[in-house]
Each structure stands twice: as C-alpha cells, then as structure tokens.
Student: 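Just passing along the structure, written as structure tokens.
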Amino acid sequence: MRSARLLRIRGVVQGVGFRPFVYRLAREHGIAGWVRNDGEGVEVHAEGSPEALDAFVDGFAAPPPAARIASCDVESVPPQGCAGFAIRGSTATGRPTVRISPDLPVCPACLAELLDPADRRHGYPYVNCTDCGPRYSIVLGLPYDRPRTTMRDWPLCPDCAREYDDPLDRRFHAQPVACPACGPGYVLESGGERWEGEEAIARAAQLLCNGGIVAVKGLGGYHLAADAGNAAAVAALRERKFRKEKPFAVMTRDLAAARSLVELDAAAEALLTGAARPIVLAPARRELPGVAPGNRDLGVMLPYTPLHHLLFAAGAPEVLVMTSANRSSEPIAYRDAEAVERLAGLADAFLVGERPIARRVDDSVARAGVLGPVILRRARGYAPGAVARLPLPGPLLAVGADLKNTVTLVVGGEAFVSQHIGDLQNYEAFVAFRETIRDLTAMYGVEEGELTVVHDLHPQYASTAFAQEIPARARLAVQHHRAHVASVLAERGAFEERVLAVALDGTGFGDDGAIWGGELFAGSLAAGFERVGHLRPAVLPGGDAAAEHPVQAAAGFLADLDNLPDLTAPPFSFPVRYLQARELVAKRLRTFPTTSMGRLFDTVAALLGFTRKVTFEGQAAIWLEQLARAAPPAEPLPLPFADGELDTRPLLAAVIEKRRRGGDEAKIARAFHRGLAKGLCQAIAALAEEHRAAAVVLSGGVFQNELLLEDLTALLTPRLPVWSNREVPPNDGGISLGQAALAVREL
Ligand code: ZN
Ligand code: ZN
Ligand code: FE
C-alpha cells in the first residue's frame, strides 16, 4: 500500500540545511518524492508505506540546529508514482512569508577546518556551511538562493560546486560557500600599503598588539578594534570616536578569557555561547582602564566570524575592544567606500574583506536578568526573526520611537522586528531608518500603499513625520507608554489577559501633551489600557533638553518642596545651571509638566553628587544604580500612593535631609531604590485588586535597572505573576512591536 503526504513547513527553514536534512530523512525511511523551497518556506511531497511516512514525519521533530520550525502542516494527497527522492529548484510565487535566518556564528566543524593546516580552507576567513555563517547580512531577496545574495559575483570552483551539489555534504546548497580558489579575499590597508591573505591578518594582529586601532569588517558592519588592556589605545579610541564615557564592549579570545574577565552564571554563559552571540552584560572581575569607566558591568562577546578567530590565532591581544565603527551617535559603517571615508582618522589600518554587506546589522546586547534573559539591543543573531503572531488582516508597519529606533513589519500575521537602527535625530540614522523600511517591505513583497502605518503620538518625532508622509492605507497613533506595555504582552501572545502595567522611562508624549514616564495602566491588548496612576506631576524646565542636565531636572522636581536648602552650597554644590533652571521654573518659562521616572532618577543622582552634564542617555540613572549597589539593603524612603498619584516629595525631602546630615551616598541611593520599589508595589497591589488584574507588566527603559527590578519583583511575586520583556528590549527598541500589537484592536 503506497500513500502520499504533502508537508508544508514554515519558519526559519531556508539557508539552514533543511532540504538536505529532508533528503537524508527520506533516504533513511525509503521515502520517494521531492522537497523544494518557496516563498512560504519548504514544501515536501513524500510517498511510501503509511508506517514509513509516519516515521518520516516524526523525524521533523529533530531539525537541523539553525532551523526554527514555526508550523508543519501535513496533508494526505494522491501518490504520483515518484521514483527516488529529489531536491527541486526554488519557486518564487506570491508574497514571501518565509523567515530569513539571522546570521550565525562559525560552527565547530568549520572552525576545525579553518585551523587545520591540511584543509583547503585553512586560514580562509569566509569558511562557512549550512550550519553557520552569514544569512540576513548577505540576503538581497527571497527565496534564499546564491544569486539573491551578495555572493552572486563569485562563481563556484569545481571543488566548491561538488560540495554545493552533493545532498550528503555539509555544504549542500550553503549559499555563501567559498574557498581561497574561488571566493572573496581579505586585505589589510594602512598608510597606502596593502597586504593580502594570511599576511593581512598577521599584520593586523601585530598592529593591535602595538596599540593600534584597526577597522575590521565584520558580518553586519565595521568594528574598531583595539587592545582592551592598553589604556593608551583605549584613550586614543575614545578621543577619535568623540565618545567620552559610554562603555565599550569587548571581545575575548574564548570562553576561558571571558570567565576570567567577568562573572558568568549558567544563564549568562548560555547567552554568551548561544547562536546569536550577543554582547552580554555581566559584572566585571577586574577593571580595564577606560573601557567602562565607573561601571560595575562589562559588555563581553565571543568571536563569531572566522576572521575573529584568525585574529586571535595570529596573536591579537586576548581581550579586544570591539566597538561599532562610527563617530559617536552615527550608525555603524557597513559599505566599504563609505567606511574608508568615514573612518579615515579613526583607524590606523583597515582589515577589509571583499564580500559586500547587504545591510547594516549591529551587535546585539543581552543580559541574564532577574526575570530571565533579556535582549537590550536586538540586532545581529536575532534580526529579522519573527517575535510574535499578531492577527492582522493586511500588512502593517510600525515605525517605533525616535530613540533606539526599531521598526516592525507585520505580514501574514507574523511580526518581524528590525535590527536596532539608532537615534533618529542623527541624520545618518534617519537615512538608515528609511533604508531599513524600504528593505523590509521589499523583502516581503509589500507595497507602501497597502500598509497600515502606526507611529508614536509625539508630533515632533522624525518617525511620526515620516509615517505621515509615506503612502499608506491607514494611519494610527499609539501613546508611547502603552506601546511599552503592549510589547510585553505581544511577546507572550496575551491578548485577553487583564493586567496592571507599569511603564517607567525617560520621555514619552502623553495623552494630555505632558512629558510622561512614570505611568500605571490597567487593561489588556484586547480592551486597551486606561491610565490609572502616575508619578505626581513635576515641572521640567527646558523640556526634553533637561535630560542632559540632572540639576536641571532637580530644579523642577524640587520646585515645590518646603524648606529647600541652598543646593549650590556643600554638600550638594550644584552648579549655576541649577539656579538658571529655577529661574525658568519661577517664571514658568519653557517649563513643561512631567511624570518622568527618568528625570526623578536624575534628580536623586544630582542630590547624591552627579551634578555634571551626562554624556550619554541614561548615564545618571546608571550611576545611581551602581552607587546603590555599593550599599547593603537599607530602610526604604517614603513614597506614598493616594488618589492615583505617587507623591515624590517625601522621598526627595528624605534624600536631601539624609545627605545634609552627612549620610553615606551609597546608603541613600539604596534606600531610594527600596523606597521606589515599595511605593510602586503598594500602588500596584491596590490598583491590581481594584481592576482585577491577573498579572503585573513591567516595561520602559528604567527597567534596565536590575536593582529596581530585583527589589520590585521580590515584593510583587508573592502576590502576582510579573511579566517583563524578553525578546524585544524594555527600552524604546521595543516600542515598534508594542505599536503593532495595539493596532490589532483598532483594526
Ligand atoms: Zn559551518
Ligand atoms: Zn571554491
Ligand atoms: Fe520609552
């Protein structure tokens, strides 16, 4: 008895060795038929005895390592009388919905070949196979085949072609397959001189050992590399990049080197060695001068391209600063001509490979947090993965917020979140934003005119202006903090669950035009979110610009405190900017109402000694968290909740009083965190009961503060489940997903 089945498999199933896997599985079970790629994924026609077919279908439970099966539909069909099993060519029909694989780190088998002097790919930086190598960063179109990748200009040599055509080979249809005989090469350029191949890499390693700064072309862009143990090299890098204090990430030679540099628990190691190979934030064991000044945590990643391994094998320092190649706040450079031009003066040498990068993809940043792993910057290794299913009738584009921008495209009910793009006030980043939208829509065959476009409520966001200009079927505005909350629920597919949600961040445009950032909501994705609580409104002299000067935020938050001492006197010693800001407040000039938790953190940081200008977003809040960690748990400061308002005045008065009496700054910072957690917990408990909430949702950039999250979760978990972000960042990088999720209700 011969029967037949048609299998339709969706998910990350192209470019990951799926067809050869099916081929081998078919041979193993004596199945006839064929397999092919198309715009939706993989289609398999299988013929054989019913028992053999069942065993064949069961085999899909263990797919190739890089594959991610989203769904597998099996249907009985009439047998066609197939003889043998064939791998057929790809078909491109209709709108593609197949998921593109993220870029993958070099696999153990390829790494072994890379380092084996007898192998024909010994020392070849472009070694890869179906289990590893570039994907998203080389794709030009779908379905995923070599002519639609940036490898299309390198025809295969006979040896590579044999591997590529052999279904039993590890490189069967590995689209970027190459070797020294036929593939792209690497050169090192420095001061008009040029070295190729092995020599290029050896000289680059030597330069790094001598304190040089080398621009290294990676998967999704250029890095600037320098010896992390060489303070002079690190200082030179800071000066050339115009990056004063923002921490640099480092790459260590291997896991052992990472372990000696930072404290890694099992969860952090799993992230570090996982397929995405993100930068992992972990507590430093020793200080590398200038790398992450004043910071307890260090961002560490492992080598992920063959080139990285070759650099270390050639003797590069064991720990390298690896930072995006750009000047401060510009997006990472990824086109060769552009890189050489933009990075002239930043790098002493350029280590450049010939394979073009199809699109810019930064390194991702993650942490093993209190509530589990959390992605703080979603890019290489994760993008463009689908992170949620959203029941939307047509294609939708959510353009995110202006800071830490990402965009989300929903097609076929799947939400694809773009890689981290950057801060859109920066012109280059805005160009990248438009490119990414064009790129994603083209990839999935979406015309701009058929899109529903969702944007932030902020009328002055560049993303809002863009959303209003492009052709669209419909447009929707979503309030910033509701989008933060929705991002958590979208990840979980929780549409109906009623929650009590807390959104804490720096800045977001509120329903009433005020600067929100300390908000409590009740509701669900299905029913929408009602604002049921917030910080007591303060005034903010200078508006959003106050984010750069903690003392300016302090002038606003302390404005109606009784018996305020002269803060320009010791121990506070506020600079004159504080007095100028108080003038603005007194005259109600350029002064805006705010409930921003970020600015409350700034205020307390200023009161405890951070009175200078910040040099990167969130710096004062991070400083305050680090300070608090230096002290043991302290008695919480008062933050009473009544009539929907968390009154910050008693808390601020306590901070001032304790510091004036010579209290230890670290202890006060700790007591502030505890007070915040306790006050929030009381508000949450009261509101959750009133609004019959089944869980608590925590989102917004402030929840990157692990100490607050720890304190708050400890208080909340005995009462209610606590949900926070996992797949998309709690910061504004998660806004686009939340916007898309809230559109479901409107449509
Ligand atoms: Zn491999
Ligand atoms: Zn070759
Ligand atoms: Fe935000």
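Atoms within a ligand are numbered from 1 in the order they appear, just like the ligands themselves.
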Student: Report the name of the N/O/S atom of D505 located nearest to the Fe ion (ligand 3).
Tutor: OD2
Student: Among the N, O or S atoms of H480, which one sits nearest to the Fe ion (ligand 3)?
Tutor: NE2
Student: Suppose we only allow N, O or S atoms; which atom of D732 ends up nearest to the Fe ion (ligand 3)?
Tutor: OD1
Student: Cation over ring, R380 on Y304, under 6.0 Å and within 45°?
Tutor: yes
Student: Between R482 and E530, is there a salt bridge with N-O shorter than 4.0 Å?
Tutor: no
Student: What is the SG(C160)-the Zn ion (ligand 2)-SG(C182) angle, to the nearest 10 degrees?
Tutor: 110°
Student: Ignoring hydrogens, what is the shortest heavy-atom contact between S418 and T436? Give both atom names and the distance.
Tutor: CB-CG2, 3.8 Å
Student: Checking N731 against H484: is there a side-chain donor and acceptor pair closer than 3.5 Å?
Tutor: no
Student: Let me check your reading of the structure: within less than 2.8 Å of the Fe ion (ligand 3), is there an N/O/S atom from H481?
Tutor: no
Student: Where the Zn ion (ligand 1) is the centre, what is the SG-to-SG angle for C129 and C132, rounded to 10°?
Tutor: 120°
Student: Salt-bridged, E617 to K404, with N to O below 4.0 Å?
Tutor: yes
